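Structure, as C-alpha coordinates:
Note that this is a predicted model, so its numbers are computed, not measured. Reminder, nothing fancy here: chain letters follow the sequence lines and each chain counts from 1.
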2 protein chains.
Amino acid sequence: MAEQPDYYVKSAEKTLAVLLAFDAAHPLLTVTQVAEAISVSRAAARRFLLTLVDLGYLEADGNAFRQTPRVLDIGASYLSGLTLPQVARPHLQALAAELSETTALCVLDDQDILYVERVSAPRMHSMNVSIGNRLPAWATSMGRVLVAELPAAAREEFLSNARLTHYTAKTVASIDELRAELDTVRAQGWSLVAQELDEGLRGLAVPVYRGAQLLGALNVSVQPGRIGSTSITDEMVPLMRRVAQDIADDFGGRTAAGN
Amino acid sequence: MAEQPDYYVKSAEKTLAVLLAFDAAHPLLTVTQVAEAISVSRAAARRFLLTLVDLGYLEADGNAFRQTPRVLDIGASYLSGLTLPQVARPHLQALAAELSETTALCVLDDQDILYVERVSAPRMHSMNVSIGNRLPAWATSMGRVLVAELPAAAREEFLSNARLTHYTAKTVASIDELRAELDTVRAQGWSLVAQELDEGLRGLAVPVYRGAQLLGALNVSVQPGRIGSTSITDEMVPLMRRVAQDIADDFGGRTAAGN
DNA sequence: GATCGTTGTGCGCATAGCGTACAGTTGTAC
DNA sequence: GTACAACTGTACGCTATGCGCACAACGATC
(Lines give C-alpha, C1' and ligand atoms only; values in the text may rest on other atoms or scores of the structure.)
Protein backbone atom coordinates (compact mmCIF):
# COMPACT_ATOMS: atom_id res chain seq x y z
CA MET A 1 0.00 0.00 0.00
CA ALA A 2 1.11 3.53 -0.74
CA GLU A 3 1.77 6.19 1.87
CA GLN A 4 -1.28 7.98 3.10
CA PRO A 5 -1.10 11.73 2.58
CA ASP A 6 -1.54 13.77 5.74
CA TYR A 7 -4.96 14.98 4.72
CA TYR A 8 -6.27 11.47 4.84
CA VAL A 9 -9.34 10.81 6.97
CA LYS A 10 -9.10 7.25 8.12
CA SER A 11 -12.61 7.17 9.48
CA ALA A 12 -13.99 7.82 6.04
CA GLU A 13 -12.24 4.75 4.74
CA LYS A 14 -13.52 2.71 7.65
CA THR A 15 -17.06 3.92 7.18
CA LEU A 16 -17.11 2.73 3.59
CA ALA A 17 -15.31 -0.47 4.53
CA VAL A 18 -17.99 -1.28 7.07
CA LEU A 19 -20.74 -0.73 4.52
CA LEU A 20 -18.92 -2.78 1.91
CA ALA A 21 -18.30 -5.65 4.32
CA PHE A 22 -21.89 -6.61 3.63
CA ASP A 23 -22.22 -8.39 0.33
CA ALA A 24 -24.33 -11.05 -1.31
CA ALA A 25 -22.48 -13.80 0.52
CA HIS A 26 -22.56 -12.03 3.88
CA PRO A 27 -25.79 -10.06 4.20
CA LEU A 28 -25.86 -10.50 7.97
CA LEU A 29 -22.78 -9.71 10.04
CA THR A 30 -22.00 -9.46 13.74
CA VAL A 31 -19.67 -6.96 15.35
CA THR A 32 -16.84 -9.47 15.55
CA GLN A 33 -17.24 -10.53 11.93
CA VAL A 34 -17.09 -6.96 10.71
CA ALA A 35 -14.07 -6.28 12.90
CA GLU A 36 -12.24 -9.20 11.35
CA ALA A 37 -13.37 -8.43 7.82
CA ILE A 38 -12.00 -4.90 7.82
CA SER A 39 -9.16 -5.41 10.31
CA VAL A 40 -10.15 -3.03 13.07
CA SER A 41 -10.71 -3.60 16.75
CA ARG A 42 -14.05 -4.90 17.84
CA ALA A 43 -14.75 -1.74 19.75
CA ALA A 44 -14.16 0.35 16.65
CA ALA A 45 -16.36 -1.86 14.50
CA ARG A 46 -19.10 -1.56 17.08
CA ARG A 47 -18.91 2.23 17.13
CA PHE A 48 -19.22 2.43 13.37
CA LEU A 49 -21.99 -0.13 13.17
CA LEU A 50 -24.07 1.59 15.83
CA THR A 51 -23.51 4.92 14.18
CA LEU A 52 -24.67 3.56 10.84
CA VAL A 53 -27.74 2.13 12.51
CA ASP A 54 -28.44 5.57 13.93
CA LEU A 55 -28.11 7.03 10.47
CA GLY A 56 -30.49 4.43 9.08
CA TYR A 57 -28.13 2.63 6.72
CA LEU A 58 -28.00 -0.52 8.81
CA GLU A 59 -30.48 -2.24 11.05
CA ALA A 60 -29.88 -4.58 13.94
CA ASP A 61 -31.24 -8.10 13.77
CA GLY A 62 -30.54 -9.70 17.10
CA ASN A 63 -26.86 -9.02 17.56
CA ALA A 64 -26.17 -9.05 13.86
CA PHE A 65 -26.58 -6.24 11.38
CA ARG A 66 -27.87 -5.95 7.85
CA GLN A 67 -28.15 -3.18 5.31
CA THR A 68 -31.34 -1.24 4.87
CA PRO A 69 -32.66 -0.05 1.52
CA ARG A 70 -31.35 3.37 2.43
CA VAL A 71 -27.88 2.40 1.27
CA LEU A 72 -29.26 2.88 -2.23
CA ASP A 73 -29.39 6.61 -1.55
CA ILE A 74 -25.66 6.87 -1.89
CA GLY A 75 -25.60 5.69 -5.47
CA ALA A 76 -28.94 7.16 -6.46
CA SER A 77 -27.54 10.61 -6.99
CA TYR A 78 -25.07 9.22 -9.47
CA LEU A 79 -27.80 7.43 -11.40
CA SER A 80 -30.05 10.48 -11.48
CA GLY A 81 -27.55 13.17 -12.35
CA LEU A 82 -26.74 14.26 -15.84
CA THR A 83 -24.66 11.17 -16.01
CA LEU A 84 -24.23 8.46 -18.55
CA PRO A 85 -26.80 5.98 -17.22
CA GLN A 86 -29.56 8.57 -17.08
CA VAL A 87 -28.85 9.66 -20.63
CA ALA A 88 -28.50 6.14 -21.95
CA ARG A 89 -31.62 4.64 -20.45
CA PRO A 90 -34.16 5.51 -23.15
CA HIS A 91 -31.77 4.38 -25.84
CA LEU A 92 -31.18 1.07 -24.11
CA GLN A 93 -34.91 0.61 -23.74
CA ALA A 94 -35.51 1.22 -27.42
CA LEU A 95 -32.71 -1.11 -28.41
CA ALA A 96 -33.91 -3.81 -26.03
CA ALA A 97 -37.39 -3.55 -27.50
CA GLU A 98 -36.19 -3.65 -31.09
CA LEU A 99 -33.97 -6.68 -30.64
CA SER A 100 -35.94 -8.35 -27.85
CA GLU A 101 -32.65 -8.77 -26.07
CA THR A 102 -31.23 -7.57 -22.80
CA THR A 103 -29.09 -4.45 -23.18
CA ALA A 104 -26.60 -2.93 -20.80
CA LEU A 105 -24.09 -0.15 -20.40
CA CYS A 106 -20.86 -0.59 -18.48
CA VAL A 107 -17.77 1.38 -17.57
CA LEU A 108 -14.35 0.09 -16.64
CA ASP A 109 -13.27 0.29 -13.01
CA ASP A 110 -9.86 -1.21 -12.42
CA GLN A 111 -10.06 -4.84 -13.48
CA ASP A 112 -13.84 -4.98 -13.52
CA ILE A 113 -16.67 -3.79 -15.63
CA LEU A 114 -19.31 -2.01 -13.63
CA TYR A 115 -22.94 -2.06 -14.73
CA VAL A 116 -24.30 1.47 -14.72
CA GLU A 117 -27.52 0.77 -16.60
CA ARG A 118 -29.33 -2.31 -17.76
CA VAL A 119 -32.62 -3.01 -19.50
CA SER A 120 -33.68 -6.62 -19.55
CA ALA A 121 -35.78 -8.13 -22.27
CA PRO A 122 -39.08 -9.29 -20.78
CA ARG A 123 -38.79 -12.96 -21.71
CA MET A 124 -35.15 -13.32 -20.76
CA HIS A 125 -34.07 -14.25 -17.32
CA SER A 126 -30.43 -14.57 -18.17
CA MET A 127 -27.89 -13.61 -15.60
CA ASN A 128 -29.08 -11.79 -12.55
CA VAL A 129 -26.83 -8.79 -12.65
CA SER A 130 -28.09 -5.50 -11.36
CA ILE A 131 -26.84 -1.98 -11.60
CA GLY A 132 -23.66 -1.55 -9.59
CA ASN A 133 -22.61 -5.15 -10.06
CA ARG A 134 -19.13 -6.06 -11.21
CA LEU A 135 -17.83 -8.71 -13.54
CA PRO A 136 -14.22 -9.42 -14.50
CA ALA A 137 -13.49 -7.26 -17.53
CA TRP A 138 -11.30 -9.76 -19.36
CA ALA A 139 -14.07 -12.34 -19.56
CA THR A 140 -16.85 -10.13 -20.90
CA SER A 141 -17.61 -8.53 -24.23
CA MET A 142 -17.93 -5.07 -22.73
CA GLY A 143 -14.74 -5.46 -20.77
CA ARG A 144 -12.78 -6.48 -23.83
CA VAL A 145 -14.04 -3.51 -25.78
CA LEU A 146 -13.14 -1.15 -22.95
CA VAL A 147 -9.69 -2.61 -22.46
CA ALA A 148 -8.99 -2.89 -26.18
CA GLU A 149 -9.62 0.82 -26.59
CA LEU A 150 -7.26 1.74 -23.77
CA PRO A 151 -3.86 3.28 -24.57
CA ALA A 152 -1.23 0.59 -25.07
CA ALA A 153 0.47 1.19 -21.73
CA ALA A 154 -2.73 1.00 -19.75
CA ARG A 155 -3.74 -2.09 -21.69
CA GLU A 156 -0.53 -3.88 -20.81
CA GLU A 157 -0.90 -2.83 -17.22
CA PHE A 158 -4.36 -4.33 -17.23
CA LEU A 159 -3.04 -7.55 -18.71
CA SER A 160 -0.27 -7.82 -16.17
CA ASN A 161 -2.79 -7.53 -13.36
CA ALA A 162 -5.36 -9.81 -14.92
CA ARG A 163 -6.02 -13.05 -13.12
CA LEU A 164 -7.61 -15.46 -15.53
CA THR A 165 -9.99 -18.05 -14.17
CA HIS A 166 -11.06 -21.05 -16.17
CA TYR A 167 -14.83 -20.53 -15.89
CA THR A 168 -15.94 -22.75 -18.76
CA ALA A 169 -14.43 -24.91 -21.50
CA LYS A 170 -14.51 -21.94 -23.83
CA THR A 171 -12.79 -19.49 -21.53
CA VAL A 172 -9.69 -17.91 -23.01
CA ALA A 173 -6.72 -19.82 -21.66
CA SER A 174 -3.77 -17.45 -21.51
CA ILE A 175 -2.77 -13.83 -21.35
CA ASP A 176 -1.24 -14.08 -24.82
CA GLU A 177 -4.45 -15.47 -26.21
CA LEU A 178 -6.32 -12.64 -24.53
CA ARG A 179 -3.92 -10.03 -25.92
CA ALA A 180 -4.45 -11.36 -29.43
CA GLU A 181 -8.20 -11.26 -28.91
CA LEU A 182 -7.98 -7.65 -27.73
CA ASP A 183 -6.08 -6.75 -30.89
CA THR A 184 -8.85 -8.27 -32.97
CA VAL A 185 -11.48 -6.42 -30.95
CA ARG A 186 -9.70 -3.12 -31.40
CA ALA A 187 -9.33 -3.67 -35.13
CA GLN A 188 -12.96 -4.60 -35.74
CA GLY A 189 -14.47 -2.27 -33.17
CA TRP A 190 -16.69 -4.81 -31.45
CA SER A 191 -16.41 -7.89 -29.29
CA LEU A 192 -18.38 -11.09 -29.13
CA VAL A 193 -17.89 -13.28 -26.09
CA ALA A 194 -19.74 -16.56 -26.01
CA GLN A 195 -19.91 -18.80 -22.96
CA GLU A 196 -16.54 -17.80 -21.56
CA LEU A 197 -17.87 -16.61 -18.22
CA ASP A 198 -20.95 -18.76 -18.00
CA GLU A 199 -22.41 -21.49 -20.19
CA GLY A 200 -25.57 -19.57 -20.91
CA LEU A 201 -24.01 -16.21 -21.51
CA ARG A 202 -23.29 -14.64 -24.89
CA GLY A 203 -22.71 -10.95 -25.29
CA LEU A 204 -21.93 -8.53 -28.08
CA ALA A 205 -20.45 -5.13 -27.26
CA VAL A 206 -19.32 -1.93 -28.97
CA PRO A 207 -17.57 1.11 -27.51
CA VAL A 208 -19.43 4.36 -26.80
CA TYR A 209 -17.22 7.22 -27.88
CA ARG A 210 -17.83 10.91 -27.58
CA GLY A 211 -15.14 12.36 -29.81
CA ALA A 212 -11.91 10.94 -28.45
CA GLN A 213 -13.36 10.16 -25.04
CA LEU A 214 -14.39 6.61 -24.28
CA LEU A 215 -17.58 6.86 -22.24
CA GLY A 216 -18.34 3.18 -21.80
CA ALA A 217 -19.42 0.05 -23.61
CA LEU A 218 -22.82 -0.93 -24.94
CA ASN A 219 -23.88 -4.55 -24.81
CA VAL A 220 -26.67 -6.79 -26.01
CA SER A 221 -27.21 -10.42 -25.24
CA VAL A 222 -27.11 -12.71 -28.26
CA GLN A 223 -29.18 -15.75 -29.16
CA PRO A 224 -27.15 -18.94 -29.64
CA GLY A 225 -28.52 -19.37 -33.17
CA ARG A 226 -27.05 -16.10 -34.29
CA ILE A 227 -23.47 -16.97 -33.40
CA GLY A 228 -21.41 -17.30 -36.55
CA SER A 229 -24.15 -15.95 -38.78
CA THR A 230 -23.69 -12.76 -40.78
CA SER A 231 -26.54 -11.05 -38.94
CA ILE A 232 -24.13 -10.04 -36.21
CA THR A 233 -21.72 -8.09 -38.37
CA ASP A 234 -24.30 -7.01 -40.92
CA GLU A 235 -27.19 -6.05 -38.71
CA MET A 236 -26.50 -5.96 -35.00
CA VAL A 237 -23.14 -4.22 -34.95
CA PRO A 238 -24.24 -1.34 -37.21
CA LEU A 239 -27.43 -0.93 -35.21
CA MET A 240 -25.53 -0.88 -31.94
CA ARG A 241 -23.04 1.61 -33.29
CA ARG A 242 -25.87 3.92 -34.22
CA VAL A 243 -27.32 3.65 -30.71
CA ALA A 244 -23.88 4.21 -29.18
CA GLN A 245 -23.54 7.35 -31.26
CA ASP A 246 -26.97 8.55 -30.19
CA ILE A 247 -26.07 8.07 -26.55
CA ALA A 248 -22.79 9.93 -26.98
CA ASP A 249 -24.50 12.84 -28.75
CA ASP A 250 -27.18 13.05 -26.10
CA PHE A 251 -24.62 12.91 -23.35
CA GLY A 252 -22.59 15.74 -24.77
CA GLY A 253 -25.58 17.91 -25.41
CA ARG A 254 -27.09 17.50 -21.99
CA THR A 255 -23.95 17.81 -19.94
CA ALA A 256 -22.94 20.91 -21.84
CA ALA A 257 -26.35 22.41 -21.20
CA GLY A 258 -26.45 21.37 -17.60
CA ASN A 259 -24.79 22.69 -14.48
CA MET B 1 -31.75 16.91 16.99
CA ALA B 2 -31.45 14.24 19.64
CA GLU B 3 -28.42 13.73 21.84
CA GLN B 4 -25.69 11.74 20.22
CA PRO B 5 -24.76 8.66 22.21
CA ASP B 6 -21.12 8.50 23.21
CA TYR B 7 -20.40 5.68 20.80
CA TYR B 8 -21.21 7.94 17.92
CA VAL B 9 -18.60 8.33 15.19
CA LYS B 10 -19.08 11.77 13.74
CA SER B 11 -16.74 11.13 10.85
CA ALA B 12 -19.01 8.36 9.61
CA GLU B 13 -21.89 10.78 9.43
CA LYS B 14 -19.74 13.33 7.64
CA THR B 15 -18.47 10.79 5.15
CA LEU B 16 -21.98 9.89 4.11
CA ALA B 17 -23.03 13.51 4.16
CA VAL B 18 -20.26 14.40 1.74
CA LEU B 19 -21.29 11.64 -0.64
CA LEU B 20 -24.94 12.62 -0.40
CA ALA B 21 -24.21 16.27 -1.03
CA PHE B 22 -23.94 15.29 -4.67
CA ASP B 23 -27.36 14.89 -6.21
CA ALA B 24 -29.08 15.31 -9.52
CA ALA B 25 -29.20 19.08 -9.13
CA HIS B 26 -25.60 19.34 -7.92
CA PRO B 27 -23.47 16.74 -9.66
CA LEU B 28 -20.40 18.95 -9.52
CA LEU B 29 -19.36 20.57 -6.26
CA THR B 30 -16.36 22.54 -5.03
CA VAL B 31 -14.80 22.30 -1.60
CA THR B 32 -16.59 25.43 -0.42
CA GLN B 33 -19.96 24.28 -1.70
CA VAL B 34 -19.65 20.97 0.08
CA ALA B 35 -18.53 22.69 3.27
CA GLU B 36 -21.63 24.88 3.19
CA ALA B 37 -23.97 22.07 2.22
CA ILE B 38 -23.07 19.88 5.15
CA SER B 39 -22.09 22.61 7.62
CA VAL B 40 -18.47 21.79 8.28
CA SER B 41 -15.35 23.87 7.94
CA ARG B 42 -13.79 24.17 4.52
CA ALA B 43 -10.68 22.40 5.71
CA ALA B 44 -12.71 19.44 6.93
CA ALA B 45 -14.66 19.21 3.71
CA ARG B 46 -11.44 19.24 1.78
CA ARG B 47 -9.96 16.41 3.85
CA PHE B 48 -13.00 14.23 3.26
CA LEU B 49 -13.21 15.04 -0.42
CA LEU B 50 -9.57 14.25 -1.04
CA THR B 51 -9.87 11.04 0.93
CA LEU B 52 -12.87 9.98 -1.11
CA VAL B 53 -10.94 10.75 -4.27
CA ASP B 54 -8.16 8.51 -2.99
CA LEU B 55 -10.67 5.78 -2.36
CA GLY B 56 -12.06 6.19 -5.87
CA TYR B 57 -15.58 7.30 -5.01
CA LEU B 58 -15.05 10.83 -6.24
CA GLU B 59 -12.95 12.34 -8.97
CA ALA B 60 -11.58 15.82 -9.32
CA ASP B 61 -12.66 17.93 -12.26
CA GLY B 62 -10.68 21.15 -12.11
CA ASN B 63 -11.29 22.27 -8.55
CA ALA B 64 -14.68 20.68 -8.39
CA PHE B 65 -15.58 17.09 -7.60
CA ARG B 66 -18.02 14.60 -8.96
CA GLN B 67 -19.03 11.08 -8.10
CA THR B 68 -17.54 8.14 -9.93
CA PRO B 69 -19.52 5.03 -10.85
CA ARG B 70 -17.87 3.31 -7.92
CA VAL B 71 -20.43 4.84 -5.56
CA LEU B 72 -22.76 2.18 -6.91
CA ASP B 73 -20.71 -0.43 -5.08
CA ILE B 74 -22.19 0.63 -1.79
CA GLY B 75 -25.72 -0.21 -2.77
CA ALA B 76 -24.85 -3.14 -5.00
CA SER B 77 -24.46 -5.52 -2.09
CA TYR B 78 -27.97 -4.73 -0.98
CA LEU B 79 -29.37 -5.37 -4.45
CA SER B 80 -27.49 -8.64 -4.86
CA GLY B 81 -28.09 -10.19 -1.48
CA LEU B 82 -30.94 -12.48 -0.67
CA THR B 83 -32.99 -9.36 -0.44
CA LEU B 84 -36.35 -8.35 -1.73
CA PRO B 85 -35.27 -6.75 -5.04
CA GLN B 86 -33.21 -9.74 -6.08
CA VAL B 87 -36.09 -12.09 -5.36
CA ALA B 88 -38.69 -9.88 -6.97
CA ARG B 89 -36.90 -9.16 -10.22
CA PRO B 90 -38.03 -12.16 -12.29
CA HIS B 91 -41.59 -11.69 -11.13
CA LEU B 92 -41.55 -8.03 -12.08
CA GLN B 93 -40.13 -8.93 -15.46
CA ALA B 94 -42.86 -11.47 -16.11
CA LEU B 95 -45.56 -9.07 -15.00
CA ALA B 96 -44.14 -6.25 -17.09
CA ALA B 97 -44.11 -8.52 -20.13
CA GLU B 98 -47.65 -9.77 -19.58
CA LEU B 99 -49.17 -6.33 -19.14
CA SER B 100 -46.75 -4.40 -21.33
CA GLU B 101 -46.50 -1.93 -18.50
CA THR B 102 -43.70 -0.68 -16.28
CA THR B 103 -43.59 -2.48 -12.94
CA ALA B 104 -41.81 -1.53 -9.75
CA LEU B 105 -41.27 -2.53 -6.16
CA CYS B 106 -40.91 0.00 -3.37
CA VAL B 107 -40.43 0.11 0.36
CA LEU B 108 -41.29 2.89 2.77
CA ASP B 109 -38.47 4.96 4.23
CA ASP B 110 -39.72 7.74 6.48
CA GLN B 111 -41.93 9.95 4.35
CA ASP B 112 -40.73 8.59 1.04
CA ILE B 113 -41.12 5.53 -1.04
CA LEU B 114 -37.82 4.13 -2.18
CA TYR B 115 -37.52 2.21 -5.44
CA VAL B 116 -35.71 -1.04 -4.85
CA GLU B 117 -36.48 -2.66 -8.19
CA ARG B 118 -38.03 -1.56 -11.42
CA VAL B 119 -38.67 -3.12 -14.82
CA SER B 120 -39.74 -0.75 -17.53
CA ALA B 121 -41.94 -1.74 -20.42
CA PRO B 122 -39.98 -1.37 -23.66
CA ARG B 123 -42.23 1.13 -25.37
CA MET B 124 -42.82 3.27 -22.32
CA HIS B 125 -40.59 6.13 -21.43
CA SER B 126 -42.71 7.31 -18.55
CA MET B 127 -41.01 8.85 -15.59
CA ASN B 128 -37.30 8.49 -15.34
CA VAL B 129 -37.01 6.98 -11.90
CA SER B 130 -34.22 4.59 -11.19
CA ILE B 131 -33.48 2.21 -8.39
CA GLY B 132 -32.69 4.11 -5.21
CA ASN B 133 -34.83 7.06 -6.15
CA ARG B 134 -37.35 8.54 -3.76
CA LEU B 135 -40.80 9.95 -4.25
CA PRO B 136 -43.14 11.41 -1.62
CA ALA B 137 -45.16 8.50 -0.27
CA TRP B 138 -48.43 10.36 0.13
CA ALA B 139 -48.64 11.21 -3.56
CA THR B 140 -47.99 7.77 -5.01
CA SER B 141 -49.99 4.56 -5.26
CA MET B 142 -47.25 2.50 -3.62
CA GLY B 143 -46.82 5.00 -0.85
CA ARG B 144 -50.50 5.01 -0.03
CA VAL B 145 -50.61 1.25 0.12
CA LEU B 146 -47.59 1.17 2.41
CA VAL B 147 -48.91 3.88 4.71
CA ALA B 148 -52.45 2.50 4.72
CA GLU B 149 -51.17 -0.83 5.98
CA LEU B 150 -49.21 0.78 8.80
CA PRO B 151 -50.47 0.48 12.40
CA ALA B 152 -52.83 3.31 13.24
CA ALA B 153 -50.33 5.17 15.42
CA ALA B 154 -47.58 5.08 12.80
CA ARG B 155 -50.09 6.13 10.16
CA GLU B 156 -51.13 9.18 12.14
CA GLU B 157 -47.51 10.02 12.79
CA PHE B 158 -46.92 9.85 9.06
CA LEU B 159 -49.87 12.13 8.41
CA SER B 160 -48.73 14.67 10.97
CA ASN B 161 -45.34 14.87 9.28
CA ALA B 162 -46.70 14.89 5.75
CA ARG B 163 -46.15 18.07 3.79
CA LEU B 164 -48.58 18.13 0.92
CA THR B 165 -47.60 19.90 -2.25
CA HIS B 166 -50.08 20.83 -4.91
CA TYR B 167 -48.36 19.13 -7.84
CA THR B 168 -51.29 19.00 -10.28
CA ALA B 169 -54.98 19.90 -10.38
CA LYS B 170 -55.82 16.38 -9.23
CA THR B 171 -53.49 16.29 -6.24
CA VAL B 172 -55.22 15.51 -2.98
CA ALA B 173 -55.82 18.79 -1.23
CA SER B 174 -55.78 18.16 2.50
CA ILE B 175 -54.61 15.79 5.19
CA ASP B 176 -58.20 14.83 5.96
CA GLU B 177 -58.84 14.00 2.35
CA LEU B 178 -55.67 11.92 2.35
CA ARG B 179 -56.68 10.12 5.54
CA ALA B 180 -60.02 9.19 4.00
CA GLU B 181 -58.27 7.95 0.89
CA LEU B 182 -55.94 5.82 3.03
CA ASP B 183 -58.95 4.24 4.72
CA THR B 184 -60.37 3.35 1.34
CA VAL B 185 -57.03 1.91 0.25
CA ARG B 186 -56.75 -0.21 3.38
CA ALA B 187 -60.30 -1.49 2.96
CA GLN B 188 -59.94 -2.45 -0.69
CA GLY B 189 -56.31 -3.57 -0.51
CA TRP B 190 -55.05 -1.59 -3.48
CA SER B 191 -54.49 2.01 -4.52
CA LEU B 192 -54.89 3.82 -7.78
CA VAL B 193 -53.29 7.22 -8.09
CA ALA B 194 -53.82 9.12 -11.31
CA GLN B 195 -52.02 12.30 -12.20
CA GLU B 196 -51.60 13.53 -8.64
CA LEU B 197 -47.83 13.74 -8.78
CA ASP B 198 -47.40 14.36 -12.48
CA GLU B 199 -49.82 14.83 -15.36
CA GLY B 200 -48.62 11.76 -17.19
CA LEU B 201 -48.38 9.46 -14.25
CA ARG B 202 -50.92 6.81 -13.26
CA GLY B 203 -50.06 3.96 -10.96
CA LEU B 204 -51.79 0.99 -9.43
CA ALA B 205 -50.31 -0.68 -6.36
CA VAL B 206 -50.93 -3.59 -4.01
CA PRO B 207 -49.11 -4.56 -0.79
CA VAL B 208 -46.63 -7.43 -0.68
CA TYR B 209 -47.23 -9.35 2.52
CA ARG B 210 -45.35 -12.31 3.89
CA GLY B 211 -47.63 -13.50 6.65
CA ALA B 212 -48.11 -10.49 8.86
CA GLN B 213 -45.00 -8.75 7.64
CA LEU B 214 -45.33 -5.99 5.07
CA LEU B 215 -42.40 -6.38 2.71
CA GLY B 216 -43.18 -3.60 0.28
CA ALA B 217 -45.56 -2.51 -2.44
CA LEU B 218 -45.89 -3.70 -6.01
CA ASN B 219 -46.80 -1.22 -8.71
CA VAL B 220 -47.72 -1.14 -12.36
CA SER B 221 -48.27 1.85 -14.56
CA VAL B 222 -51.77 2.18 -15.98
CA GLN B 223 -52.98 3.32 -19.39
CA PRO B 224 -55.31 6.32 -19.31
CA GLY B 225 -58.04 4.36 -21.10
CA ARG B 226 -58.27 1.81 -18.34
CA ILE B 227 -59.05 4.29 -15.60
CA GLY B 228 -62.58 3.76 -14.38
CA SER B 229 -63.04 0.56 -16.31
CA THR B 230 -63.71 -2.74 -14.57
CA SER B 231 -60.52 -4.24 -15.94
CA ILE B 232 -58.58 -2.75 -13.05
CA THR B 233 -60.52 -4.41 -10.26
CA ASP B 234 -61.43 -7.52 -12.24
CA GLU B 235 -58.16 -8.25 -13.96
CA MET B 236 -55.20 -6.21 -12.91
CA VAL B 237 -55.62 -6.24 -9.14
CA PRO B 238 -56.09 -10.03 -8.91
CA LEU B 239 -53.13 -10.59 -11.19
CA MET B 240 -50.95 -8.26 -9.15
CA ARG B 241 -52.03 -9.93 -5.93
CA ARG B 242 -50.96 -13.25 -7.32
CA VAL B 243 -47.56 -11.85 -8.27
CA ALA B 244 -47.20 -10.20 -4.86
CA GLN B 245 -47.92 -13.56 -3.25
CA ASP B 246 -45.35 -15.28 -5.46
CA ILE B 247 -42.72 -12.75 -4.48
CA ALA B 248 -43.51 -13.14 -0.80
CA ASP B 249 -43.34 -16.94 -1.02
CA ASP B 250 -40.05 -16.81 -2.88
CA PHE B 251 -38.62 -14.35 -0.43
CA GLY B 252 -39.48 -16.47 2.58
CA GLY B 253 -38.18 -19.63 1.03
CA ARG B 254 -34.88 -18.20 -0.05
CA THR B 255 -34.08 -16.21 3.04
CA ALA B 256 -34.91 -19.16 5.24
CA ALA B 257 -32.58 -21.32 3.17
CA GLY B 258 -29.86 -18.72 3.01
CA ASN B 259 -27.24 -17.64 5.49
C1' DG C 1 -3.93 48.93 -8.07
C1' DA C 2 -7.63 47.61 -4.83
C1' DT C 3 -11.30 44.80 -3.29
C1' DC C 4 -13.72 40.61 -3.10
C1' DG C 5 -14.22 35.69 -3.39
C1' DT C 6 -12.08 32.09 -4.36
C1' DT C 7 -8.40 28.57 -3.90
C1' DG C 8 -4.60 25.36 -1.30
C1' DT C 9 -1.67 24.65 2.86
C1' DG C 10 0.65 24.61 7.54
C1' DC C 11 0.47 24.00 12.33
C1' DG C 12 -0.67 23.92 17.22
C1' DC C 13 -4.54 22.25 20.00
C1' DA C 14 -8.53 19.72 21.66
C1' DT C 15 -11.09 15.99 21.30
C1' DA C 16 -12.73 12.25 18.88
C1' DG C 17 -11.90 7.87 18.42
C1' DC C 18 -8.77 4.35 20.05
C1' DG C 19 -8.03 -0.28 22.28
C1' DT C 20 -7.28 -2.42 26.49
C1' DA C 21 -9.65 -4.36 30.17
C1' DC C 22 -13.43 -6.17 32.62
C1' DA C 23 -18.07 -8.25 33.15
C1' DG C 24 -22.16 -10.56 31.56
C1' DT C 25 -24.25 -14.20 28.47
C1' DT C 26 -24.67 -18.33 25.84
C1' DG C 27 -23.52 -23.07 24.46
C1' DT C 28 -20.91 -27.26 24.77
C1' DA C 29 -18.15 -30.78 27.02
C1' DC C 30 -17.41 -33.60 30.60
C1' DG D 1 -23.20 -29.40 38.50
C1' DT D 2 -18.35 -26.88 37.06
C1' DA D 3 -15.17 -25.46 33.57
C1' DC D 4 -14.18 -23.64 29.52
C1' DA D 5 -14.53 -21.14 25.21
C1' DA D 6 -16.45 -17.74 22.39
C1' DC D 7 -19.19 -14.69 22.24
C1' DT D 8 -21.44 -10.31 23.85
C1' DG D 9 -21.76 -4.99 25.72
C1' DT D 10 -19.53 -1.28 28.42
C1' DA D 11 -16.08 1.81 30.73
C1' DC D 12 -12.15 4.77 30.76
C1' DG D 13 -7.60 6.85 30.28
C1' DC D 14 -4.40 8.03 26.46
C1' DT D 15 -2.79 9.45 22.13
C1' DA D 16 -3.15 10.22 17.56
C1' DT D 17 -6.50 12.05 14.65
C1' DG D 18 -8.92 15.32 12.75
C1' DC D 19 -10.03 20.22 13.81
C1' DG D 20 -10.19 25.09 12.25
C1' DC D 21 -7.67 29.16 12.50
C1' DA D 22 -4.58 31.83 9.86
C1' DC D 23 -1.84 32.82 6.05
C1' DA D 24 -0.58 33.08 1.10
C1' DA D 25 -1.67 32.87 -3.68
C1' DC D 26 -4.67 33.22 -7.48
C1' DG D 27 -8.47 35.20 -10.57
C1' DA D 28 -12.17 38.04 -11.24
C1' DT D 29 -14.54 42.75 -11.38
C1' DC D 30 -14.37 47.57 -10.97
Quick check: does any side chain N or O of B:R186 sit under 3.5 Å from a backbone N or O of B:E149, one acting as donor and the other as acceptor? no
Does A:T140 use its side chain to pair, donor to acceptor, with the backbone of A:A137 at less than 3.5 Å? yes
Between A:R155 (side chain only) and A:L150 (backbone N and O only), is there a donor and an acceptor less than 3.5 Å apart? yes
In whole Å, I'd like the distance from the CG atom of B:N63 to the P atom of C:dT6. 12 Å
Considering only heavy atoms from C-beta outward, does the side chain of A:L164 approach that of A:T171 to under 4.5 Å? no
Nearest whole angstrom, please: distance from the P of C:dA23 to the CZ of A:R46. 17 Å
Is it the case that A:S130 and B:R89 place a side-chain donor and acceptor less than 3.5 Å from each other? yes
Between B:R134 and B:D110, does at least one N-O distance fall below 4.0 Å, as a salt bridge requires? no
Check whether B:Q213 reaches the backbone of B:R210 with its side chain - one donor and one acceptor, N or O, closer than 3.5 Å. no
A:L52 atom CG is separated from C:dG17 atom P, nearest whole Å, by 12 Å
If a pair means Watson-Crick or G-U wobble with both distances below 3.5 Å, what does DNA chain C look like in dot-bracket form, with | marking bases paired to a different strand? ||||||.|||||||||||||||.|||||||
Is the backbone of A:L92 close enough, under 3.5 Å, to the side chain of A:T103 for a donor and an acceptor to pair up by distance? yes
Contact letters for nucleotides 17-22 of chain D, in which S counts primed atoms plus P, OP1 and OP2 and B counts the base, heavy atoms under 4.0 Å: SSBBB-
